Amino acid sequence: MNNAMRITGKTKILFMLADPVGHVVGSHMLNQRFLAEGHDVAVSPLHVASADLSIVLNAVRRMRNVAGFGVTIPHKIEVVSLLDGTTERAARIGSVNFVRREVDGRLYGDNLDGAGFVDGLAHSGITLRGRRVLQLGAGGAGRAVAFAIAEAGAAALAVHNRDGAKAAMLASEVARANPGCLCSADANDPRGFDVVVNTTSLGMHADDPLPLQLENLDAATDVAEIIMSPEMTPLLMAAQSRGCRIGLGKYMLQEQYKLVKMLLNM
Ligand SMILES: NC(=O)c1ccc[n+]([C@@H]2O[C@H](COP(=O)([O-])OP(=O)(O)OC[C@H]3O[C@@H](n4cnc5c(N)ncnc54)[C@H](OP(=O)(O)O)[C@@H]3O)[C@@H](O)[C@H]2O)c1
């Protein structure tokens with residue numbers, strides 16, 4: 001029984017807020033890591049609809065054994081205005097994915113997605129400094145990843161998104177914060193790029209189209225994914241079969257474990 005979780009009144013409780021909730025795997029990863037390192041922390045997914053987010057946050061403010069909560073689709077942007085404060089990077093990105101509950105009940109948010117993504121690339125040997133990056137997607141996670149790519153020293157960042165206005169806005173915001181990175185909104189054509197990053201949700205479902213013009217992808221381009229499930233998306237399989245170096249989305253989440261501990265002062 002030594003390696004079984006023992007949840008008691010002393011255990012710090014974390015939640016993962018999502019809607020739908022069935023795809024959430026981050027709770028399992030965090031529980032495994034907390035257990036392995038001997039931390040008395042337990043994480044549970046919570047299925048929370050957008051209309052109830054404010055009520056749930058107010059309840060959490062009053063739950064004294066809650067240390068914090070993760071936030072995922074569709075709450076990352078909406079939650080910002082409901083918190084008592086955020087880090088500067090979360091404010092810049094405009095979305096939050098982890099919240100610390102202070103002892104007095106105040107809720108303080110950060111966005112760990114971008115730093116987790118950049119740290120996770122190291123597992124695959126993919127680098128960003130001085131490289132030209134094409135990012136597919138400009139959603140909640142995509143915004144965090146774009147700022148982090150520029151901050152990691154990419155020479156150029158092109159953003160492609162179904163909603164092109166969101167891509168253009170994200171590119172101009174990242175450019176303003178990172179004058180050394182040449183930012184633009186672009187097509188989903190990998191020609192001329194060193195790294196392609198998929199931050200869209202295309203690839204989660206078997207019948208999704210590919211997010212990229214695959215015919216123009218060659219072996220010199222690295223392809224990274226932020227989708228965790230499935231681990232090998234059709235994009236990654238296609239990139240691997242073309243000889244590209246690939247980066248798995250699971251490493252982005254794994255790296256966030258260290259960042260969650262820092263946010264929780266553990
Ligand atoms: N590995 C990790 O640690 C990690 C962390 C966070 C998220 N994720 C994963 O990242 C993915 C995106 O999450 P998110 O929070 O950023 O979601 P989101 O805010 O809803 O953004 C979704 C993105 O996908 C695009 N998209 C969705 N359906 C599309 C379609 N049919 N055709 C073209 N583009 C489409 C959206 O484009 P529009 O703007 O045009 O709608 C947007 O860019 C999810 O799979 C999530 O599980 C992984």
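Remember, it's 1-based here, ligands and their atoms both numbered in the order they're listed. Small disclaimer: the values here were computed from a predicted structure and weren't measured.
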To which protein heavy atom is atom 16 (O) of ligand 1 closest, and what is the distance rounded to 0.1 Å? A141 N, 2.8 Å
With a 4.0 Å heavy-atom cut-off (strictly under), which part of L202 contacts ligand 1: side chain, backbone, both or neither? side chain
From CD1 (I93) to CG (N111), nearest 0.5 Å: 4.0 Å
Please indicate whether any nitrogen or oxygen in I227 is less than 3.5 Å from any nitrogen or oxygen in ligand 1. no
Polar-atom distance check: M228 versus ligand 1, any N or O pair below 3.5 Å? no
Any N or O on K166 sitting closer than 3.5 Å to an N or O of ligand 1? yes
Do the charged groups of R131 and D222 touch, with an N to O distance under 4.0 Å? yes
Closer than 4.0 Å to some heavy atom of A138 - which atoms of ligand 1 meet that? 43 (O)
Nearest non-hydrogen protein atom, atom 12 (C) of ligand 1: T199 O, 3.6 Å
I need the nearest protein heavy-atom contact for atom 11 (C) of ligand 1: residue, atom name and distance, please. T200 O, 3.9 Å
D119 side chain to Q256 side chain, donor-acceptor N/O pair below 3.5 angstrom: no
Considering only protein heavy atoms, which is closest to atom 43 (O) of ligand 1, and at what distance to one decimal place? N161 OD1, 2.7 Å
With a heavy-atom distance limit of 4.0 Å, tell me whether D113 approaches ligand 1 through its side chain, its backbone, both, or neither. side chain
Nearest-neighbour protein heavy atom for atom 30 (C) of ligand 1, which is reported as residue plus atom name and distance: R162 NH1, 3.1 Å
Under 4.0 Å, heavy-atom basis, I'd like to know which part of I73 is in contact with ligand 1: side chain, backbone, both or neither. side chain
What do you reckon, does G116 put a non-hydrogen atom under 4.0 Å from ligand 1? no
Between D110 and R89, does any side-chain N to carboxylate O distance fall below 4.0 Å? yes
Starting from atom 1 (N) of ligand 1, find the nearest protein heavy-atom neighbour and note its residue, name and distance. I226 O, 2.8 Å
Which of the numbered atoms in ligand 1 are below 4.0 angstrom from a heavy atom of G137? 43 (O)
In terms of side-chain geometry, is the basic nitrogen of E37 or K261 positioned less than 4.0 Å from the acidic oxygen of its partner? yes
Tell me the protein heavy atom at minimum distance from atom 19 (O) of ligand 1, and give that distance in Å. G140 N, 2.8 Å
Passes ring-ring contact (aromatic ring centres under 6.0 Å, His included), F34 versus Y257? Steps please. CA-CA 9 Å; F34 284 129; Y257 169 72; 5.2 Å; yes
Indicate whether the side chain of Q254 and that of H123 have a donor and an acceptor atom separated by less than 3.5 Å. no
the protein heavy atom lying closest to atom 45 (O) of ligand 1 turns out to be M204 SD, 2.9 Å
Give the atom numbers and elements of ligand 1 that come within less than 4.0 Å of a heavy atom of K76. 6 (C), 7 (C), 15 (O)
Within the distance-only criterion (no hydrogens, no angle test), does the side chain of R101 pair as donor or acceptor with the backbone N or O of R61 below 3.5 angstrom? yes
Hey, are H47 and D19 close enough side-chain-wise for a donor-acceptor pair under 3.5 Å? yes
For G105, is there any backbone N or O sitting under 3.5 Å from a side-chain donor or acceptor partner on R62? no
Can a protein heavy atom be found under 4.0 Å away from atom 40 (O) of ligand 1? yes
Would Q256 count as a contact of ligand 1 if the rule is a heavy atom under 4.0 Å away? yes
